[in-house]
Amino acid sequence: NKIYLIKKAYRSAEKIIVVSHGEKDDLITNFGIPERLIKVIYNPINIDKIRNMSNEEVDIKKDKPIIITVGRLIFSKGHDILLHAFRKVREKIDCKLFIVGEGNERANLETLRDQLKLKEDVFFLGFQHNPFKFMKHADLFCIATRYEGLCNSIIEAMVLGLPVIATDCKSGPSETLDNGKYGILVPTENSDALASEIIKVLTNTKLRENLSMLSLKRAEYYSYDKLLPEWERILLER
């Protein structure tokens, strides 16, 4: 069957490269691949390109703090959880939420936004070839994903020095943030916890600045300079 063929193909390989430790664990647990065959090398991020693209002009009225999230509008990304959290945040802080992305949940999410009486402060920006020009003007990057692989949007936000709050779902965010060392992790499906951390970050300048520095530091971990030598070592091994 298909699973048998996949296992056979993997086991005949001299080396298997995966882009996250979550994927490595999956291959070991679900496919029985020996750990010695698997090497984790993250996908490199073009830091200079992201920062250059972020300088593109965009018409944004920066009259209040901006929270931004980037991701497809699908159930797994948890935008509904973020909207419920944002309603709680809005009771304490006058701020905006930018949602970048497109997907089959958009109509439901727009309806939820209106039901929560957030139409004046929640903006659906759709798919953007250059989300970085919006991210640059934000004060905080936040995702409420229910489950996730390695989350490129978190890394891209860190490249721009954005403080990051993410849900501690299996794999992705916790790995990217090194179990909370480089950003804030909150439980999944918990809008109260998410709202509480957002309020803390938006009301504490020192915390925000510290998280921003941690983001910039972590982003370097995914740079070409860091990761290309790892590929060279693998390719030169005999």
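Keep in mind that the numbers below use all heavy atoms, side chains included, and drop hydrogens, waters and symmetry copies. It should be emphasised that the depicted structure is a prediction, and the values quoted were computed from it without experimental measurement.
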Q. Any chain of hydrophobic side-chain contacts (each under 4.5 Å) joining L125 to F127?
A. no
Q) Would you say the side chain of D80 lies within less than 4.5 Å of the side chain of R146, judging by non-hydrogen atoms? A) yes
(Q) Quick check: do Q115 and L112 have side-chain heavy atoms less than 4.5 Å from each other? (A) yes
Q. Should I99 and L73 count as side-chain neighbours, where that means a heavy-atom distance under 4.5 Å?
A. yes
Q. Taking only residues at least two apart or on different chains, which pairs with a member in residues 172-188 satisfy salt bridge (Lys or Arg N to Asp or Glu O under 4.0 Å)?
A. none
Using residues 136-145 as the side-chain source, report each donor-acceptor pair under 3.5 Å to any protein atom, sequence neighbours left out, with the distance given to one decimal.
residue, atom, partner, partner atom, Å
K136, NZ, N55, OD1, 2.5
D139, OD2, K62, NZ, 3.4
D139, OD2, I66, N, 2.8
T145, OG1, S76, O, 3.1
T145, OG1, Y147, O, 2.9
T145, OG1, E148, OE1, 3.3

Q. Knowing that exactly one of I198, D192, I93 qualifies, which makes a side chain to side chain contact (heavy atoms under 4.5 Å, CB included) with K88?
A. D192
Distance-only donor-acceptor pairs under 3.5 Å for side chains of residues 44-54, two or more places apart:
residue, atom, partner, partner atom, Å
N46, OD1, K49, N, 3.0
R51, NE, V159, O, 3.0
R51, NH2, V159, O, 3.0
N52, ND2, D48, O, 3.2
S54, OG, R51, O, 2.6

Q: Taking the side chain as every heavy atom from C-beta outward, state whether S215 and L162 have any atom pair closer than 4.5 Å.
A: no
Q) Thinking salt bridges, do E105 and R72 make one under a 4.0 Å N-O criterion? A) no
Q) Pairs in or reaching into residues 73-117: which pass ring pair (Phe, Tyr, Trp, His ring centres under 6.0 Å), with residues at least two apart or in two chains? A) F98-F123
Q | Gap separating the CG atom of L109 from the CG atom of D114, nearest 0.5 angstrom | A | 11.0 Å
Q. Would you call E220-K226 a salt bridge at under 4.0 Å N-O?
A. no
**Q.** Note: K200-E197 ion pair, threshold 4.0 Å (strictly below)
**A.** yes
**Q.** N108 CG to R113 CZ distance, which is reported to the nearest 0.5 Å
**A.** 12.5 Å
Q.
Could you report the tightest heavy-atom contact between P131 and V100, atom names first, then the distance?
A. CB-CG1, 4.1 Å
Q: State whether the number of non-hydrogen atoms from other residues, nucleotides or ligands found under 6.0 Å of K92 atom NZ is greater than 12.
A: no
Q) Between atom CG of L185 and atom CG of L177, what is the distance when rounded to the nearest 0.5 Å? A) 5.0 Å
Q: Answer whether the closest heavy-atom distance between the side chains of E156 and V70 falls below 4.5 Å.
A: no
**Q.** salt bridge (Lys or Arg N to Asp or Glu O under 4.0 Å) against E232, all qualifying residues, sequence neighbours excluded
**A.** none
Q. Does any non-hydrogen side-chain atom of K117 lie less than 4.5 Å from one of R87?
A. no
Q.
If you compare all heavy atoms of E230 against all heavy atoms of V40, which two are closest, and at what distance to 0.1 Å?
A. OE1-O, 4.0 Å
Q. From K77 NZ over to T167 OG1, what is the distance, rounded to the nearest 0.5 angstrom?
A. 10.0 Å
Q.
Filter on side-chain hydrogen bond (donor to acceptor under 3.5 Å, both in side chains), then keep only pairs touching residues 118-132, sequence neighbours left out; what's left?
A. E56-N130, K64-D121, R90-D121
Q) Which pair of heavy atoms, one from S191 and one from A85, lies closest together, and at what distance? A) O-CB, 3.5 Å
Q.
Do V164 and L211 make a side-chain contact, defined as non-hydrogen atoms from C-beta onward lying under 4.5 Å apart?
A. no
Q: Hey, could you give me the CD1/CG distance between I28 and L37, rounded to the nearest 0.5 Å?
A: 9.5 Å
Q | Closest heavy-atom pair and its distance - L116, L83 | A | CD1-O, 3.8 Å
Q: Determine the minimum heavy-atom distance between Y182 and M158, stating which atoms define it.
A: O-CE, 3.5 Å
**Q.** Closest contact, heavy atoms only, N190 versus I81
**A.** N-CG2, 4.3 Å
(Q) Would you say I199 ends up clustered with L97 if hydrophobic residues are merged whenever their side chains have heavy atoms under 4.5 Å apart, either directly or through other cluster members? (A) yes
Q: Spell out, yes or no, whether I68 and V58 are grouped together once hydrophobic residues are joined by side-chain heavy atoms under 4.5 Å, including indirect joins.
A: yes
